[in-house]
Amino acid sequence: MFKFVFPKIQYKEKAIEFINEFRKYKSEINGCGALDGYLEAATYEAWLSKVLADIDIANIEKPRVPALTYFYVREEDDKIIGMINIRLALNDFLRKEGGHIGYCIRPTERRKHYATDMLKEALNVCDVVGIKEVLLTCDKINVASANVIKNCGGELEAEFYSDTFQEEIQRYVIKR
């Protein structure tokens, strides 16, 4: 069994170990609410403050958008298996190139359907907050992520070259 856990100080060492696994395997990190960057340039505690600020809808600074970030934790060993970032609103960039949800699964836990299960749980959160058309994007070459999105009802809406990411991007919509 798995659960979403809102980040807290008790998960500091597990979160650092989670990000370090991506670095060890030289794997791209997406959907972690910028945890990787904060661990390089600041601290876990500063990242926790950012995660809390991300849910302060009335005071979010433009062009940022309100968002929820969760650890996806395996209950039997309390291990962080993945992370997910659910954006509650979209700015122009996210509407085109980022979408409502970003996610990642640690390299040693991939190919076990965890990403599909995690995305399904995130879609339930979207239902609660009233997001009826959930936009998601992935690199065109990331077939695994595209399959996760399709397994959750995603329909390809557009395919385009991103100057920001310097690659082909696919944008999907999941209608709820």
Side-chain angles (χ1 to χ4, degrees), residues 2-57 59-91 93-94 97-126 129 131 134-139 142 144-145 148-149 162 164-167 169:
F2 295 87
K3 63 183 176 182
F4 280 165
V5 174
F6 193 77
K8 49 192 166 194
I9 195 65
Q10 293 86 342
Y11 278 86
K12 179 179 180 175
E13 295 307 317
K14 291 176 187 215
I16 291 169
E17 187 257 332
F18 175 81
I19 294 298
N20 284 341
E21 183 173 308
F22 283 87
R23 292 181 179 138
K24 175 182 175 182
Y25 287 90
K26 296 177 179 30
S27 180
E28 191 174 338
I29 307 171
N30 296 304
C32 71
L35 174 59
D36 56 328
Y38 271 80
L39 292 178
E40 286 181 16
T43 64
Y44 181 79
E45 291 80 2
W47 177 75
L48 285 178
S49 294
K50 183 218 81 79
V51 168
L52 285 173
D54 284 349
I55 61 174
D56 185 3
I57 294 171
N59 295 301
I60 199 95
E61 293 181 24
K62 302 281 184 203
R64 296 191 52 75
V65 298
L68 300 169
T69 300
Y70 293 102
F71 296 131
Y72 191 60
V73 175
R74 185 168 46 213
E75 291 185 50
E76 70 184 49
D77 57 5
D78 205 36
K79 183 176 185 177
I80 299 172
I81 301 301
M83 287 187 71
I84 197 150
N85 183 259
I86 306 166
R87 298 166 198 112
L88 305 177
L90 299 177
N91 57 28
F93 172 77
L94 292 172
E97 298 193 32
H100 285 100
I101 298 175
Y103 58 87
C104 60
I105 297 290
R106 67 188 314 143
T108 58
E109 297 289 348
R110 292 180 180 158
R111 302 184 195 281
K112 300 177 182 177
H113 303 285
Y114 296 153
T116 299
D117 294 340
M118 183 172 64
L119 181 54
K120 285 178 180 176
E121 288 299 315
L123 291 170
N124 291 335
V125 173
C126 290
V129 297
I131 301 171
V134 183
L135 296 177
L136 295 105
T137 64
C138 66
D139 306 341
N142 191 344
S145 189
V148 166
I149 296 167
S162 166
T164 304
F165 299 113
Q166 302 281 305
E167 59 193 333
I169 300 291

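Throughout, numbering of the chain's residues begins at 1 and tracks the sequence. Only heavy atoms go into these numbers, but all of them, side chains included; no hydrogens, no water, no symmetry mates.
- C104 places a side-chain heavy atom less than 4.5 Å from the side chain of F18.
- A distance of 6.0 Å separates OH in Y114 from CD1 in I81, rounded to the nearest 0.5 Å.
- Side-chain contact check for I105 versus K112: every heavy-atom pair is 4.5 Å or farther apart.
- Evaluated for a salt bridge (Lys or Arg N to Asp or Glu O under 4.0 Å) with E17, the options R23, R106, K12, K24 yield exactly one hit, R106.
- Rounding to the nearest 0.5 Å gives a distance of 5.0 Å between CD1 of I101 and CG of L119.
- The aromatic rings of W47 and F71 sit tilted, their planes meeting at an angle between 30° and 60°.
- To the nearest 0.5 Å, the span separating CG on D54 from CD1 on I86 amounts to 12.5 Å.
- Within the 4.5 Å cutoff, the side chain of L68 has heavy atoms near those of the L88 side chain.
- Using a 4.5 Å heavy-atom threshold, the side chains of F22 and N30 count as separate.
- In this pair, Y72 and F2 present their aromatic rings parallel. The plane angle is below 30°, not in the 30 to 60° band.
- Within 6.0 Å of atom CD in Q166, more than 12 heavy atoms from other residues, nucleotides or ligands are found, so the atom counts as buried in its surroundings.
- Taking 4.5 Å as the limit, some side-chain heavy atom of Y11 sits within range of a side-chain heavy atom of I80.
- Taking NE2 from H100 and CG from L90, the interatomic distance works out to 3.5 Å, rounded to the nearest 0.5 Å.
- For NZ of K14, the number of neighbouring non-hydrogen atoms (other residues, nucleotides, ligands) closer than 6.0 Å is greater than 12.
- Under the 4.5 Å side-chain criterion, counting only non-hydrogen atoms from C-beta, L94 is not in contact with L135.
- Contact check for Y38 versus L48: no side-chain heavy atoms found under the 4.5 Å cut-off.
- By the 4.5 Å heavy-atom criterion applied to side chains, L35 and P7 are not counted as neighbours.
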